[in-house]
Amino acid sequence: MVTRRVDLRSDTVTKPTETMRAAMAAAEVDDDVLGNDPTAFRLESEMAKIMEKEAALFVPSGTMGNLISVLVHCDIRGSEVILGHNSHIHIYENGGISTIGGVHPRTVKNNADGTMDIDSIEASIRDPKGELVYPTTRLICLENTHGNTGGRVLSVEYTDRVGEVAKKYGLKLHIDGARIFNAAVALGVPVSRLVQAADSVSVCLSKGLGAPVGTIIVGSQSFINKARRLRKTLGGGMRQVGVLCAAALVAIQENVAKLESDHKKTKFLADGLNKVEGLEVDVDSVETNMIFIDILEHAKLNAEKLRKKLEEHGIFVMQESSSRIRIVMHHQISFKDAQFTLSCFQVVKYLKI
C-alpha cells in the first residue's frame, strides 16, 4: 500500500499553497476584458517591472503566450520564424503558428546545450531578393531553459549574440521563457539582464514558480496592445481573472527564492541515480530542475516497466521513450522526498520487473 506520493512528472503538478488559496479568495477583481481588473493590473505591472519591459499581459497558457507573441511579430501570412528543431514551440504546441497564423517554421539544429549555432541562424535568414519564392524571415525564437535537452541554460552572452544577429537583419527576437527564472537563478544574474536582448518573452507561472494557472508575456507597449487583441481573438480574454493573478503574485513573491534549492535537490538526485547500476545520467548537463535518466541496454528492463514499478512505491515520473525517463523537481518536493525517490530507484532496480 502506497503511503507516500512523490510526483516528479513535471513542475506543472504543484498544488496551490494555502497562501495562494487565501490570496485567491480575497482577490480584488473586476472585468479584465474591459481592462478593469486591479489584481491582473498589479501582476502585469510587477512582471513588466521585474523583466524591465514596458508592459505585460496575462494569458491562460504558455502555448497561447508563444502563439500570440509569434503572431504579433509575424503579422503577415507567409512570414517565417527561425527556431530550434527540438524546441517546445516547434514540437509541443500543435503547430499553431502554422495552422492558425500562417507562419512558416524554419528549424535550426539544437545543440546538446539547447543553443543553435549562430552561423546556422544567420545562414537561415532568407535573402530579401528571393521574396518571390521564399517566405520572409521576421523572427528568431529561443527557449530558456531548454526543456528537451534537460533544462539547459542559455547564457546572457549567447542570448545577446542572437539579439545582435536579429537587429542586424531587422528581425525580432522572442524568448520562450517558460522556466526563465530557473535559468536566471542558475546563472546568478537578474532575469531582466537575461532577456534584455529580447523583443518579447513568455514566462510560465505554473511551472517552476508553482502558480496554478497562467503565463505572462512581456514586451513593448505597442507589442502588448496588439497581443491583447490577439488574446481576445484566440478566446483567452477572461473576466474576473484576478482570482488567478492573485495566486501568481504569491508565486513570484515566495517561490523564486526556492528555485536554487530545487536545483540543489535535482543535482543530488542526479548524482545518486547515475550510480545506480543499469541507469545513466549525464550529470554535467543537469543545470536546473530537470533530469533525463537513460536505461542501459544490459539492464534488461524498459522505461514503462520501471515507471509502473516506481508508481507502486509512490514515485511518479514521466516516460520519454522505451529507454528514457524524465524527472522534474519543484518546490513541493522536499530533500527527504528526493532521498526517498533515490532509495526507491535503488530497490526497484534489483526487483524482477
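Heads up: numbering here begins at 1 and tracks the sequence. Keep in mind that the numbers below use all heavy atoms, side chains included, and drop hydrogens, waters and symmetry copies.
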Looking at Ala251 and Met20, what are the two nearest heavy atoms and their distance? CB-CE, 3.9 Å
Okay, side chain of Asp117, backbone of Ser120: is any donor-acceptor separation there less than 3.5 Å? no
Which of Asp176, Ile97, Ile175 passes side-chain contact (heavy atoms from CB on, under 4.5 Å) with Asn66? It is Asp176
With distance as the sole criterion, is a donor-acceptor pair present between the side chains of Ser200 and His73 under 3.5 Å? yes
Is the shortest distance from a Lys or Arg side-chain nitrogen in Glu46 or Arg42 to a carboxylate oxygen in the other one below 4.0 Å? no
Nearest heavy-atom contact between Ala186 and Thr288 is CB-CG2, 3.9 Å
Heavy atoms of Ile82 and Ile121 approach each other most closely as CD1-O, 3.7 Å
Taking the inter-plane angle between the rings of Phe268 and Phe335 on a 0 to 90° scale, is it parallel (under 30°), tilted (30 to 60°) or perpendicular (over 60°)? tilted
If you round to the nearest 0.5 Å, how far is NE2 of His174 from SG of Cys74? 10.5 Å
For Ser334 and Asp337, test the side chains for any donor-to-acceptor distance below 3.5 angstrom and give the result as yes or no. yes
Minimum-distance pair of heavy atoms, taken over all atoms of Val108 and Ser124: CG2-OG, 3.4 Å
In plain terms, say whether Glu164 and Lys168 are close enough for a salt bridge, that is, a side-chain N and a carboxylate O under 4.0 Å apart. no
Which residue in the set Lys207, His330, Arg179 passes side chain to side chain donor-acceptor pair (under 3.5 Å) when paired with Asp11? Arg179
For Ala56 and Val218, which heavy atoms make the closest approach, and how far apart are they? CB-CG1, 3.6 Å
Note, Phe181 side chain near Leu259 side chain (heavy atom, < 4.5 Å): yes
Side-chain heavy atoms under 4.5 Å apart, restricted to Ile/Leu/Val/Met/Phe/Trp/Tyr: what other residues fall into the cluster of Ile91, or is it alone? Tyr92
Flag, side chain of Lys267 to backbone of Glu287, donor-acceptor distance under 3.5 Å: no
Over all heavy atoms of both residues, which pair between Asp113 and Leu154 is shortest? Give the atoms and the distance, please. O-CD2, 3.8 Å
Euclidean distance, Leu139 CG relative to Leu173 CG, rounded to 0.5 Å: 7.5 Å
